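See below for the structure under consideration.
Treat the numbers as computed from the prediction; the structure is a model and nothing was measured.
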Amino acid sequence: MTALKAHILARIATEGPMRLSDYMAECLLNPQHGYYTTRDPLGTAGDFTTAPEISQMFGELLGLALAQSWVDQGMPAPFCLAELGPGRGTLMADLLRATRAVPGFHDALRLHLVEASPALRDQQASRLKGTQATWVDRVEDLPDLPLFLIANEFFDALPIRQYRRAGAGWREVHVGAEGDRLVPGLAPAGPGPEGRDEDTGDGDLVETCPAGALIAGQIGARIAARGGSALIVDYGDWRSLGDTLQALRKHASTDPFEAPGEADLTAHVDFEPLARSAAPAAHTLLTTQGVFLERLGITARAQALAERLSGVQRVSHIAAHRRLTHPDEMGSLFKVMALYPQGAHPPPGLEPAGAQA
Ligand code: SAH
């Protein structure tokens with residue numbers, strides 16, 4: 001048995017079954033044994049891969065979109081350029097390279113990386129060598145400046161709570177123990193997820209992400225008060241129904257309760273509660289990653305890069321373009337939403353929410 005599983009079983013033995021969010025927090029961020037705390041999970045040798053690791057085009061285009069938004073808002077200087085959960089630092093490295101030609105952008109930016117994992121902070125530092133960067137633990141530690149922020153596959157890594165509808169009431173999912181096995185179960189009836197009584201029926205399962213709502217609230221408040229914009233990219237939808245908790249190990253799915261700390265745990269992101277928490281900042285329509293990247297000109301960029309490549313490199317570059325944009329790959333599952341000040345232009349490639357607001 002792993003040390004983390006023994007620790008979780010001991011906690012359950014003394015405190016009783018724990019909320020799913022507490023279980024996820026232990027698995028992902030336990031200071032000694034957590035999944036993110038102890039390793040670099042990315043890339044082909046790791047457990048999963050992400051858009052910036054697939055192609056440099058992803059970070060380049062998101063970077064140029066953010067820089068355009070900075071220009072549209074009158075080039076505030078200085079401003080805070082922030083990334084949440086920067087992984088290996090690849091997206092930020094591509095963003096910084098692509099925006100070198102934007103006059104004034106680099107002089108004005110104060111780079112801040114919000115990262116919980118010491119192992120990944122080291123990776124980011126080596127990837128961004130030569131760039132001045134400050135690491136912080138939480139969004140509330142970012143400096144009080146106009147905020148231009150990027151978050152790719154960050155919100156899906158935050159702990160969720162799950163509630164099962166039982167008649168007119170709700171029972172929350174808790175993690176308990178049967179001998180040496182960790183098993184999910186239902187707590188007695190109690191308070192349920194806000195605003196979901198109308199669109200659910202007996203037996204339905206609803207997820208909430210309190211940490212995500214809190215962070216979106218902090219970002220929205222900063223953008224509303226100081227200006228800026230946030231590009232949030234993740235898999236999920238406006239509002240979900242059903243169990244989306246998943247565990248990935250070596251690119252294959254596994255039981256979330258079998259080997260705590262050894263597998264990546266994620267859940268689909270509900271963008272509606274993020275948008276609502278971010279008010280009074282405005283939010284854009286939720287747009288698929290494929291459409292967003294096409295609007296930003298990924299095909300032209302892909303062709304320009306392809307001209308310099310041949311053989312295997314060219315084939316894998318074409319496959320990467322498809323992987324990022326095609327509806328059968330990441331193009332439809334992944335969504336993009338931006339937060340921006342009321343009355344300002346949304347970042348390029350995205351439309352004001354209007355009907356969805
Ligand atoms: N954005 C990167 C990595 C995604 S993996 C990419 O697209 O490749 C999720 C990232 O979020 C990791 O860097 C992880 O360490 C970080 N992370 C997860 N939970 C966090 C939290 N609560 N606070 C800060 N960082 C967190």
Side-chain angles (χ1 to χ4, degrees), residues 1-37 116 155-217 234 236-249 253-274 276-277:
M1 183 185 307
T2 62
L4 184 60
K5 189 168 180 189
H7 165 73
I8 292 172
L9 283 167
R11 239 188 98 174
I12 293 170
T14 51
E15 298 166 20
M18 61 174 73
R19 280 180 182 155
L20 185 60
S21 52
D22 291 334
Y23 174 72
M24 276 183 86
E26 286 280 14
C27 289
L28 296 175
L29 294 175
N30 177 286
Q32 277 95 45
H33 312 294
Y35 177 77
Y36 282 116
T37 336
F155 284 92
D156 67 50
L158 299 177
I160 57 158
R161 292 170 71 172
Q162 290 183 332
Y163 302 86
R164 176 80 64 189
R165 180 96 185 246
W170 294 91
R171 297 177 66 185
E172 184 166 2
V173 173
H174 276 62
V175 182
E178 276 172 14
D180 275 358
R181 277 187 340 120
L182 292 166
V183 283
L186 294 176
E194 226 175 280
R196 296 302 299 266
D197 282 352
E198 285 73 38
D199 71 338
T200 55
D202 190 36
D204 281 346
L205 187 131
V206 163
E207 298 175 338
T208 65
C209 182
L214 185 78
I215 290 170
D234 227 308
D237 220 321
W238 187 241
R239 176 192 286 203
S240 73
L241 186 64
D243 184 357
T244 74
L245 179 68
Q246 70 175 45
L248 266 191
R249 196 173 179 186
S253 78
T254 150
D255 177 351
F257 303 104
E258 197 176 284
E262 303 299 311
D264 185 36
L265 292 183
T266 62
H268 283 209
V269 173
D270 276 3
F271 285 84
E272 181 184 29
L274 300 185
R276 289 197 190 288
S277 308

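Rounding to the nearest 0.5 angstrom, the gap separating the CE atom in M1 from the NE2 atom in H7 is 13.5 Å. The CH2 atom of W238 lies 9.0 Å from the CG atom of L274; values are rounded to the nearest 0.5 Å. Considering CD of Q246 and CG of D156, their distance stands at 8.5 Å, rounded to 0.5 Å.
Ion pairing between a basic and an acidic side chain is recognised when a charged N comes within 4.0 Å of a carboxylate O; R11 and E26 show such pairing. For the pair R196 and D204, the salt-bridge criterion is not met [side-chain N within less than 4.0 Å of a carboxylate O].
Applying the side chain to side chain contact (heavy atoms under 4.5 Å, CB included) criterion to T37, with sequence neighbours excluded, gives P118. Qualifying side chain to side chain contact (heavy atoms under 4.5 Å, CB included) partners for R249, counting only residues two or more places apart in sequence or in other chains: D47, T254, A259, E262, A263.
Taking a 6.0 Å sphere around CD of E178, one finds it holds 12 or fewer heavy atoms contributed by other residues, nucleotides or ligands.
I8 and M18 make their closest contact through CG2-CE, 3.9 Å (heavy atoms, listed as atom of the first residue, atom of the second, distance). A247 and P256 get closest at one heavy-atom pair: CB-CA, 3.7 Å. The two residues T208 and P193 come nearest to each other via the heavy atoms CG2-CB, 3.7 Å. When all heavy atoms are compared, the tightest approach of L186 to R171 is O-NH2, 3.3 Å. Of all non-hydrogen atoms in V173 and P184, the two that sit nearest each other are CG1-CB, 4.2 Å. Closest non-hydrogen pair, L158 versus C209, comes out as CB-SG, 3.7 Å.
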**Study point:** side-chain contact (heavy atoms from CB on, under 4.5 Å) between L20 and I160, intermediate numbers included
**Key:** CA-CA 7 Å; L20 185 60; I160 57 158; 4.1 Å; yes
Check your understanding: Can you check salt bridge (Lys or Arg N to Asp or Glu O under 4.0 Å) on K5 and D180, steps first, answer last?
Key -> CA-CA 9 Å; K5 189 168 180 189; D180 275 358; over 6 Å; no
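A 4.5 Å side-chain heavy-atom check between Q32 and L4 finds every atom pair outside the cut-off. V175 places none of its side-chain heavy atoms less than 4.5 Å from the side chain of P17. In this structure, the side chains of H174 and D22 stay at 4.5 Å or more apart for every pair of heavy atoms. Side-chain contact between N30 and Y35 is absent, with no heavy atoms from C-beta onward closer than 4.5 Å. Using a 4.5 Å heavy-atom cutoff, the side chains of L245 and M24 are in contact. In this structure, T200 and V206 have side chains that are in contact, with non-hydrogen atoms separated by less than 4.5 Å.
Defined by atom type and a distance below 3.5 Å, a donor-acceptor pair is present between the side-chain atoms of R161 and Y163. Between the side chains of Y36 and D264, at least one donor N or O lies within less than 3.5 Å of an accepting N or O.
Residue D243 is tested with R164, Q162, H268 for a side-chain hydrogen bond (donor to acceptor under 3.5 Å, both in side chains); the sole match is Q162.
Side-chain rings of Y23 and F257 approach one another, their centers coming within less than 6.0 Å.
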